[in-house]
Amino acid sequence: MLRRALRLRLGQCLSGRGLGTYRGGSTLDCDGKVSKIKKKIQSIFPGRAWSPLYDTSHLPPERSDVVIVGGGVLGLSVAYWLKRLEKQQGAIQVLVVERDHTYARASTVLSVGGIRQQFSLPENVQLSLFSAEFLRNINEYLAVVDDPPLDLQFNPSGYLLLASEEGAAIMERNVKIQRPTHSSRQEGAKVCLMSPEQLQKKFPWINTEGVALASYGLENEGWFDPWCLLQGLRRKLQSMGVLFCQGEVTRFISSSSHMETASGEQVTLKRIHEVHVKMDHSQEFQPVECALVVNAAGAWSGQIAELAGIGTGPPGTMQGTKLPVEPRKRYVYLWHCPQGPGLEAPLVADPSGAYFRREGLGNNYLGSCSPTEEEEPDPGNLEVDYDFFQEKVWPRLAQRVPAFETLKVRSAWAGYYDYNTFDQNGVVGPHPLVINMYFATGFSGHGLQQAPAVGRAVAEMMLEGHFQTINLSPFLFGRFYFGEKAQEHCIL
C-alpha cells in the first residue's frame, strides 16, 4: 500500500513542483522588508544616498529560482537546458554553487574523456547517442557571439570491448540492445561483433588469447577534451545569465507537511525553502531563498542528500532510504611506448578490467584498471599508487598488447567516481519526499559522456513534470526503496 501511495503522491506532487510555485507573496514581502530597512538606515544618516554597508559582490544572490549544487558538467548541463527550455528568456534565475572554482579535484577534468554507446541498458545507449550528437555539433549548442568556436578535439576512434568465453553470450545480448531494431522508433548504435580471427586481422597488435568475441563501435564513439566542454558550458551559461558562486552548501531550511497512506502509515513531505552557502575561506554564509534544488554534487552528492534529511529516517522506510552514492578513487596512468598501437587504435577494454587509449600522436597512452572491492583505495586523498600499476595494470596490458612489455610510465593522477553502490547507474529526477530536490548524480564513471542528455532530461522533469525525450523512469530515486535495480553491466 505504501508503494502505491507514494507513487500516487509522486504523480500528484509533480504538477506542484514547477517553478511557477515560487512566484508569490514571499518574494514581495521580502522586497518590502528590505525597502523598510533601507529607509530606516537613510533616516539615521540624512542626506546620504543608499549604499551597502560592505561589499557583497562575492556573495550569491538572496533569491534564485533554482540552486544547483555542483558545478561539474552534469550541474552545468542542467543549468544550460533549464535556460534553453524556459518559455520566456530570463524567466528562470539559476544559481550554480561550486566549492572548487579551479576544478582541481573535479571528476570532470580528471577523467579520460571517453564516450561510447556500448552499454547493457537501453536508457544508457540513448543517453550516449544524444550526447554524441551534442558533442559533434557543439558549436550549434554552445556558441557565444564574438567568441571563438569550441574545439573539443573529438577523436572518433571507437571503443573495442573484448569478451572471454564466459562473457561472450552477455556481449551478444548487449549488442542486440545497442543496435536499432525495425520495431523501435529510437535510433540505435552502430556496433559490430568480431571473431578472434577478424580482430587479429584488423588490429594485428592485439594478442587474442582468451578472447572469444569483441564488439567494436563504428560511429559516435571515442574521446574528447573534458576541460574544453566544461569551459564551453560555463562560457555559454554566463552569456545566458546564469549566476555562479564559489562556496559550499552547508544547510537546507525546509518546511514539512504530513500525509497518511491508505494503510494508515504517516509519511512526512519536505520542501526546501532556503539554501545556506558558506563562502570560501570564511565562516561567512549567505542564505539563498529558492524554489528548486538540484543535487549534482558528484561523489559528494550523498552528503548533500543527507543535509536535506534524506536517509535520516527509520531503516526500511522511504525516509530512511539513503542516496547510495559515495566517492571511489580511480587512477589514470600515462605511459610511452615507441612500438605501441598506431593511430587507428580505439579505446580497448580487456576482459580483465584493464583499458587504454592513445593520447596524442607521440606513442603516448592513457589507461588503468578498476580495483576490486577488496582493493578499493582510500578516497580521503588523491595520491597515486604506482605499485597498483606495476602489480595490477601493467601485466594485463602486456598480456593483451605484447608491445606494452617495454612501456615507461611518465605520469599519473587520481580522480573520483560518483559511485552508486546499489546498481552503478545514474540517479535522476525528484526525491519522492523532499519534493523540490532533484538529482543528477551517481553515474559511476559515465556521467561526463552522458551529461548533455542527462541535463536535458532533468530540466524536462523540472519544467514539465515528466521526461519528454528519453524516459529515464528506471533511474528515479524510488528504486532504492523498492529494491528495483537498473543494473548496468558495462562499467569500465
Side-chain angles (χ1 to χ4, degrees), residues 73-74 77 80-81 108 111-143 149-163 171-182 184-194 198-199 202-203 214-230 232-233 341 343-349 355-359 366 425-426 443-457 469-472 488-492:
V73 288
L74 278 166
S77 179
Y80 168 77
W81 286 104
T108 296
S111 77
V112 298
I115 182 167
R116 59 186 165 105
Q117 287 81 53
Q118 296 186 62
F119 289 97
S120 63
L121 289 180
E123 292 83 6
N124 280 330
V125 176
Q126 293 304 315
L127 286 171
S128 287
L129 278 168
F130 174 75
S131 290
E133 187 274 331
F134 185 97
L135 296 176
R136 280 185 169 277
N137 300 285
I138 191 70
N139 287 295
E140 293 182 18
Y141 292 100
L142 300 186
L150 295 171
D151 179 10
L152 293 182
Q153 300 179 36
F154 183 69
N155 189 316
S157 294
Y159 268 59
L160 179 66
L161 307 188
L162 309 179
M171 176 173 281
E172 285 190 83
R173 188 161 61 246
N174 290 344
V175 169
K176 286 181 181 178
I177 292 170
Q178 295 154 13
R179 286 173 172 170
T181 61
H182 295 295
S184 174
R185 290 179 296 175
Q186 291 182 312
E187 181 186 2
K190 293 177 175 58
V191 181
C192 73
L193 289 170
M194 303 174 71
Q198 292 170 318
L199 185 63
K202 185 166 183 63
F203 303 112
S215 62
Y216 181 40
L218 301 174
E219 288 185 9
N220 295 322
E221 292 194 336
W223 52 92
F224 62 95
D225 181 355
W227 179 253
C228 183
L229 176 61
L230 179 78
L233 279 165
L343 298 181
E344 85 290 352
L347 190 151
V348 179
Y355 69 89
F356 73 91
R357 70 161 174 84
R358 274 192 307 105
E359 174 66 3
L366 291 178
N425 237 322
F443 283 85
S444 306
H446 51 275
L448 169 67
Q449 61 181 285
Q450 294 182 343
V454 171
R456 182 179 64 171
T469 48
I470 302 174
N471 183 8
L472 297 183
E488 175 55 59
H489 298 287
C490 294
I491 297 293
L492 301 184

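Computation of the quantities below employed the complete heavy-atom set of this structure, encompassing side-chain atoms and omitting hydrogens, waters and symmetry-equivalent molecules. None of these values were measured; they are calculated from a predicted model. Starting from 1, each residue takes its place in the sequence as its number.
Between F130 and F134, the two ring planes are tilted [angle within 30° to 60°].
In this structure, the side-chain contact (heavy atoms from CB on, under 4.5 Å) partners of C490, at least two apart in sequence or on a different chain, are R116, S120, N174, E488. For Y159, there are no side chain to side chain donor-acceptor pair (under 3.5 Å) partners, not counting sequence neighbours. For F203, the ring pair (Phe, Tyr, Trp, His ring centres under 6.0 Å) criterion is met by W205, Y216, not counting sequence neighbours. Under the side-chain contact (heavy atoms from CB on, under 4.5 Å) criterion, R136 pairs with F154, P156, N220, sequence neighbours left out. With sequence neighbours left out, Q117 forms a side chain to side chain donor-acceptor pair (under 3.5 Å) with no residue at all. In this structure, the side chain to side chain donor-acceptor pair (under 3.5 Å) partners of N155, at least two apart in sequence or on a different chain, are S157. Remark: E219 pairs with K190 by the side-chain contact (heavy atoms from CB on, under 4.5 Å) rule, at least two apart or across chains. Checked against side-chain contact (heavy atoms from CB on, under 4.5 Å), S111 has the following partners two or more places apart in sequence or in another chain: P226, L448. For Y355, the ring pair (Phe, Tyr, Trp, His ring centres under 6.0 Å) criterion is met by no residue, not counting sequence neighbours. Take S444 and apply the side chain to side chain donor-acceptor pair (under 3.5 Å) test, not counting sequence neighbours, and it matches no residue. Scored by the salt bridge (charged side-chain N to carboxylate O under 4.0 Å, His left out) test, E359 finds R357 as partners (sequence neighbours excluded).
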Evaluate the side chain to side chain contact (heavy atoms under 4.5 Å, CB included) criterion for residues L74 and F443: first the C-alpha distance (whole Å), next the side-chain angles of each, then the deciding distance (0.1 Å), finally the verdict. CA-CA 10 Å; L74 278 166; F443 283 85; 4.0 Å; yes

For L121 and H489, run side chain to side chain contact (heavy atoms under 4.5 Å, CB included): C-alpha distance rounded to whole Å, both residues' side-chain angles, the deciding distance at 0.1 Å, then the answer. CA-CA 8 Å; L121 289 180; H489 298 287; over 6 Å; no

Step by step, work out the side chain to side chain contact (heavy atoms under 4.5 Å, CB included) result for I115 and F224. CA-CA 8 Å; I115 182 167; F224 62 95; 4.3 Å; yes

Could you walk me through whether R456 and I470 satisfy the side chain to side chain contact (heavy atoms under 4.5 Å, CB included) test, starting with their C-alpha distance in whole Å, then the side-chain angles of each, then the deciding distance to 0.1 Å, before giving a yes or no? CA-CA 9 Å; R456 182 179 64 171; I470 302 174; 3.9 Å; yes

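Here the closest heavy-atom approach between residue F356 and residue P341 is recorded as CE1-CG, 4.2 Å. A pairwise comparison of heavy atoms in A189 and V125 identifies CB-CG1, 4.4 Å as the closest pair. Residue L233 comes nearest to S77 through the heavy atom pair CD1-N, 4.5 Å, listed as atom of the first residue, atom of the second, then distance. In this structure, S215 and V175 approach most closely via the heavy-atom pair CB-CG2, 3.9 Å. The two residues L160 and P346 have their closest heavy-atom pair at CB-CG, 3.7 Å. Across all their heavy atoms, V191 and R179 have their closest contact at O-NE, 2.9 Å.
Note: S128 OG to Q449 CD = 4.0 Å, rounded to the nearest 0.5 Å. Within the model, atoms CG of L229 and CD of Q153 stand 12.5 Å from one another, a figure rounded to the nearest 0.5 Å. Taking CG from L193 and CE from M171, the interatomic distance works out to 7.5 Å, rounded to the nearest 0.5 Å. Rounding to the nearest 0.5 Å gives a distance of 4.5 Å between CG of N124 and CG of N425. Summarising the geometry, atom CD belonging to E133 is positioned 10.0 Å from atom CD1 belonging to I138; distances are rounded to the nearest 0.5 Å.
W81 contributes no side-chain N or O that, together with a main-chain N or O of A453, makes up a donor-acceptor pair within less than 3.5 Å. Remark: the backbone N or O of Q118 is paired with a side-chain donor or acceptor of E221 at under 3.5 angstrom.
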